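Please read the structure below before turning to the comments.
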Number of protein chains: 2
Amino acid sequence: MKADGRSRRETSRPMSKPETADPGPVEVFAALGDPTRLSLLTKLSDGQTRSIAMLSADTKLTRQAVTKHLHVLERAGLVKSIRVGRESQFGYRPGPIIEARSYLDRVSVQWDEALARLKALVER
Amino acid sequence: MKADGRSRRETSRPMSKPETADPGPVEVFAALGDPTRLSLLTKLSDGQTRSIAMLSADTKLTRQAVTKHLHVLERAGLVKSIRVGRESQFGYRPGPIIEARSYLDRVSVQWDEALARLKALVER
DNA sequence: GCAAAAGGCAACCTTTTGGTTGCCTTTTTC
DNA sequence: GAAAAAGGCAACCAAAAGGTTGCCTTTTGC
């Protein structure tokens, strides 16, 4: 019989949060601000659902690294995962991208309006 | 006479890059993925140019922290700065936001097309 | 011409990130 | 019913991020 199931260090940390609602633009942008994650997401945006093994196949990273990135995307609401059999299938979720896009739109609009006002002022 | 102009540690690091052309979407998203930076940028997108002192006035951060964030935004091409007199004025630059937006558009479009194909397949 | 305002620079420090490795559990497949 | 495939979990590590402080230079305003 073994003394303990756990092997490595013994530090004990609480960690983890519920966080179900979809996060604001900042977190979405942060999630998009990494090359690996951005490419995972664009891959998944073709509508096909993929397993972790599939997604880690064409990177030089380990499966675990990819898993972490997928979790970041998931916490940002950009993908969802469901466990089917022995694998978990990841799929794209359009919501946050739409929101992010409209955030950028608002910024652009604010800028355009400022320009328009300036131009109007100069031309009068 | 003082022995040396420099005071603290003496480590010597090279650092810094030229990097003039505007960076890809990843760096832009990364720059947007921080609350301080996002708010600085939306503030500046009203077209008004502002000094560092002005921009750090309404945050709890130090001027230096704000300066760093501004430099990140600048390296991402999102703002430009010109030194005028004793202050440096920061202004919004629309380019990268437009690009980022169209990147998100492409992702959305790819998703929409996938959905459309799926629907067509199911309905036939 | 001097004090105050605005910044730049660089050293430090702490927390987060991005990534790896080891090992255990659950499904599949022969 | 075992071996192999797919993952999960947690510890660990190095590097990058975010922030602060100290001090020096340049402009501006009397």
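All chains are named by letter (A, B, ...) in the order of the sequence lines, taking the proteins before the strands, and each is independently numbered beginning at 1. What you see is a predicted model; the values in this text were computed from it and never measured.
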Looking at every non-hydrogen atom in both residues, tell me the closest pair between [X] and [Y] and how far apart they are.
{"X": "B:Thr42", "Y": "A:Gln110", "value": "O-OE1, 3.5 Å"}
{"X": "A:Ala76", "Y": "A:Glu27", "value": "CB-O, 4.1 Å"}
{"X": "B:Arg37", "Y": "B:Ala30", "value": "NH2-O, 3.2 Å"}

Any idea which of C:dT20, C:dG7, D:dG18 is nearest the B:Ile52 side chain? C:dG7

Rounding to a whole Å, what distance do you find between [X]:[atom1] and [N]:[atom2]?
{"X": "B:Leu55", "N": "C:dG7", "atom1": "CG", "atom2": "P", "result": "9 Å"}
{"X": "B:Asp34", "N": "D:dA17", "atom1": "CG", "atom2": "C1'", "result": "9 Å"}
{"X": "B:Ile82", "N": "C:dG7", "atom1": "CD1", "atom2": "P", "result": "13 Å"}
{"X": "B:Leu40", "N": "D:dG18", "atom1": "CG", "atom2": "C1'", "result": "13 Å"}
{"X": "B:Lys68", "N": "C:dT14", "atom1": "NZ", "atom2": "C1'", "result": "12 Å"}
{"X": "A:Leu73", "N": "C:dG18", "atom1": "CG", "atom2": "P", "result": "11 Å"}
{"X": "B:Leu70", "N": "D:dG19", "atom1": "CG", "atom2": "P", "result": "12 Å"}
{"X": "B:Gln64", "N": "D:dC24", "atom1": "CD", "atom2": "C1'", "result": "12 Å"}

When we call it a touch if two heavy atoms are under 4.0 Å apart, what does A:Ala53 touch: a base, just sugar-phosphate, or nothing?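 Sugar-phosphate, no base atom in range.
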
Among the clusters formed by ILVMFWY side chains lying less than 4.5 Å apart, do B:Leu104 and B:Leu115 turn up in the same one?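 Same cluster: B:Leu104 reaches B:Leu115 through Ile, Leu, Val, Met, Phe, Trp or Tyr contacts under 4.5 Å.
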
Side-chain N or O of [X] less than 4.0 angstrom from OP1 or OP2 on [N]?
{"X": "A:Thr67", "N": "D:dG7", "value": "no"}
{"X": "B:His69", "N": "D:dA17", "value": "no"}
{"X": "A:Ser88", "N": "D:dG8", "value": "yes"}
{"X": "B:Ser51", "N": "C:dA6", "value": "no"}

Nearest-0.5 Å distance that lies between atom CE in A:Met54 and atom CG in A:Leu44: 10.5 Å

Tell me, please, which residues at least two apart from A:Tyr92 pass ring pair (Phe, Tyr, Trp, His ring centres under 6.0 Å).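 B:Trp111.
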
Scan nucleotides 25-30 of chain D against the protein and return all N/O pairs shorter than 3.5 Å with their distances rounded to 0.1 Å.
| unit_1 | atom_1 | unit_2 | atom_2 | d |
| --- | --- | --- | --- | --- |
| D:dT27 | O3' | B:Arg86 | N | 3.4 |

Can you spot which of A:Glu74, A:His71, A:Glu87 makes a side-chain hydrogen bond (donor to acceptor under 3.5 Å, both in side chains) with A:Ser81? A:Glu74

B:Val72 vs B:Arg63, nearer the 5' end of DNA chain D by closest nucleotide: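 Upstream on the strand: B:Val72.
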
